[in-house]
Amino acid sequence: MKIDGGCHCGSITYTAEIDPEKVGVCHCTDCQTLSGSAFRTSVRANSDAFHLKGGPPKIYVKTAESGAKRAQAFCPECGTPIYSAAVKDPETFNIRVGTIRQRAELRPRSQGWCRSAQDWVNDLRSVKQFAKQRTA
Ligand SMILES: [Zn+2]
Ligand SMILES: [Zn+2]
């Protein structure tokens with residue numbers, strides 16, 4: 001599936017080809033912190049099918065518990081996380097689904113690191129809802 005997207009301020013955009021069956025959620029504590037949210041949703045693209053425009057993004061290298069290093073790319077202007085990838089010669093890019101224009105068509109197929117998931121995420125339907133800005 002062809003997709004396109006970009007950061008909130010528009011200084012970084014991209015096009016890519018992804019497999020919608022590969023959309024996944026990560027509940028690890030690093031993703032919670034780096035996304036500023038309860039979990040992160042990503043989809044993988046091969047490097048030859050991922051084309052960045054504008055930018056360049058700023059790179060933060062995260063070291064995991066395992067010692068593995070991973071580049072986290074974000075917009076230096078607005079802070080939007082764009083992707084993560086291997087630090088050197090990445091073969092794939094994990095695109096942040098919230099930046100994809102077609103994100104409404106991309107339903108996650110799997111969830112990782114569920115042991116650190118916030119316990120309310122599987123019960124969002126029971127949380128009071130507003131069609132727009134919440135007032136309570
Ligand atoms: Zn931006
Ligand atoms: Zn994670």
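Along the sequence shown, the residues carry numbers beginning at 1. For ligands, and for the atoms within them, numbers begin at 1 and follow the listed sequence.
- I12 and P76 make their closest contact through CD1-CD, 4.2 Å (heavy atoms, listed as atom of the first residue, atom of the second, distance).
- Aromatic ring orientation, Y14 versus F50: tilted (interplanar angle from 30° to 60°).
- Coordination check, C78 versus the Zn ion (ligand 1): passed, since an N/O/S atom of the residue sits under 2.8 Å.
- Residue contacts to the Zn ion (ligand 2): C31 brings an N, O or S atom closer than 2.8 Å.
- Atom CG of D123 has more than 12 neighbouring heavy atoms from other residues, nucleotides or ligands inside a 6.0 Å radius.
- Taking the Zn ion (ligand 1) as the apex, the angle formed with SG of C9 and SG of C75 is 110°, to the nearest 10 degrees.
- One N or O on the side chain of D19 and one on the backbone of E21 form a donor-acceptor pair closer than 3.5 Å.
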